[in-house]
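Below is one structure, written out as structure tokens, with a few remarks after it.
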Amino acid sequence: MPAQAWVTLIVGLVASGGVIITWQQKNTADRRSEWWRRTTWAYERTFSENDIEAEIGWSVLSTLVESKLATKSDSDLVQVIAEQTALPPEELTDTEEET
């Protein structure tokens, strides 16, 4: 096999690798974007006046946090919001004054 054929083969393999890596990054970014869209939807439900909707929102959030797409900071964010939501208003103002 001549050198030119080897170079063409190597360039083709490198280009294919680049395409695969780019596709994986785009796929992950698209999936994370969809994860955030669903998280936003769930948060909108959790703050609903309707108790059934709020329960659905918390259930969906719980499921989303367990997803492989959720990072540690995403999980921490959901945890903080859940804790702040669960606190009575008087405890929330006491916590804010301490910081």
Side-chain angles (χ1 to χ4, degrees):
M1 197 165 170
Q4 186 177 6
W6 281 107
V7 170
T8 303
L9 178 64
I10 291 170
V11 168
L13 290 173
V14 169
S16 296
V19 167
I20 290 170
I21 290 170
T22 301
W23 175 79
Q24 287 175 330
Q25 289 174 337
K26 182 185 181 319
N27 188 33
T28 300
D30 288 348
R31 292 175 70 209
R32 289 263 314 140
S33 177
E34 181 64 18
W35 184 90
W36 272 109
R37 190 185 67 75
R38 290 176 181 167
T39 301
T40 302
W41 179 90
Y43 273 126
E44 289 171 356
R45 296 299 143 324
T46 61
F47 296 110
S48 171
E49 296 295 323
N50 183 330
D51 289 341
I52 294 172
E53 276 190 20
E55 186 176 331
I56 290 170
W58 286 116
S59 295
V60 170
L61 276 175
S62 175
T63 301
L64 288 169
V65 167
E66 295 171 8
S67 168
K68 291 183 226 176
L69 295 173
T71 64
K72 170 106 174 73
S73 61
D74 295 336
S75 298
D76 291 345
L77 178 67
V78 172
Q79 180 68 31
V80 167
I81 292 172
E83 289 172 358
Q84 294 297 318
T85 303
L87 288 175
E90 57 275 359
E91 286 187 39
L92 184 58
T93 54
D94 291 342
T95 305
E96 290 173 353
E97 290 173 2
E98 292 173 6
T99 57

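Counting from 1, the numbers follow the sequence of the chain as shown. Worth saying up front: this structure is predicted, and the values here are computed from it rather than measured.
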Over all atoms of both residues, closest heavy-atom pair of Trp36 and Leu77:
CH2-CD2, 3.7 Å
Closest approach of Ala70 to Val65 (non-hydrogen atoms, all atoms of both residues):
CB-O, 3.6 Å
Test side chain to side chain contact (heavy atoms under 4.5 Å, CB included), reference Thr46, set Leu61, Ile81, Ile56, Val78, output is Leu61
Please check if the number of heavy atoms outside Leu13 that lie under 6.0 Å from its CG is greater than 12.
yes
Count the heavy atoms belonging to other residues, nucleotides or ligands that lie under 6.0 Å from CD of Glu55, then report whether that count exceeds 12.
no
Working to the nearest 0.5 Å, report the span between CD of Gln79 and OG of Ser73.
13.5 Å
Between OG1 of Thr28 and CG of Leu69, what distance do you get to the nearest 0.5 Å?
7.5 Å
Could you tell me if the side chain of Glu66 sits less than 4.5 Å from the side chain of Ser62, heavy atoms only?
yes
If we only count heavy atoms from C-beta on, is the Asp74 to Arg32 side-chain gap below 4.5 Å?
yes
Answer with yes or no whether the hydrophobic clustering places Val19 together with Val11; edges join I, L, V, M, F, W, Y residues whose side-chain heavy atoms lie under 4.5 Å apart.
no
Would Val80 and Trp58 show up in the same hydrophobic cluster when neighbours are defined by side-chain heavy atoms closer than 4.5 Å?
no
Main-chain N/O of [Y] paired with [X] side-chain donor or acceptor, under 3.5 Å:
| X | Y | result |
| --- | --- | --- |
| Thr39 | Trp35 | yes |
| Thr63 | Ser59 | yes |
| Arg45 | Trp41 | yes |

Glu34/Arg31 ion pair, N-O < 4.0 Å
no
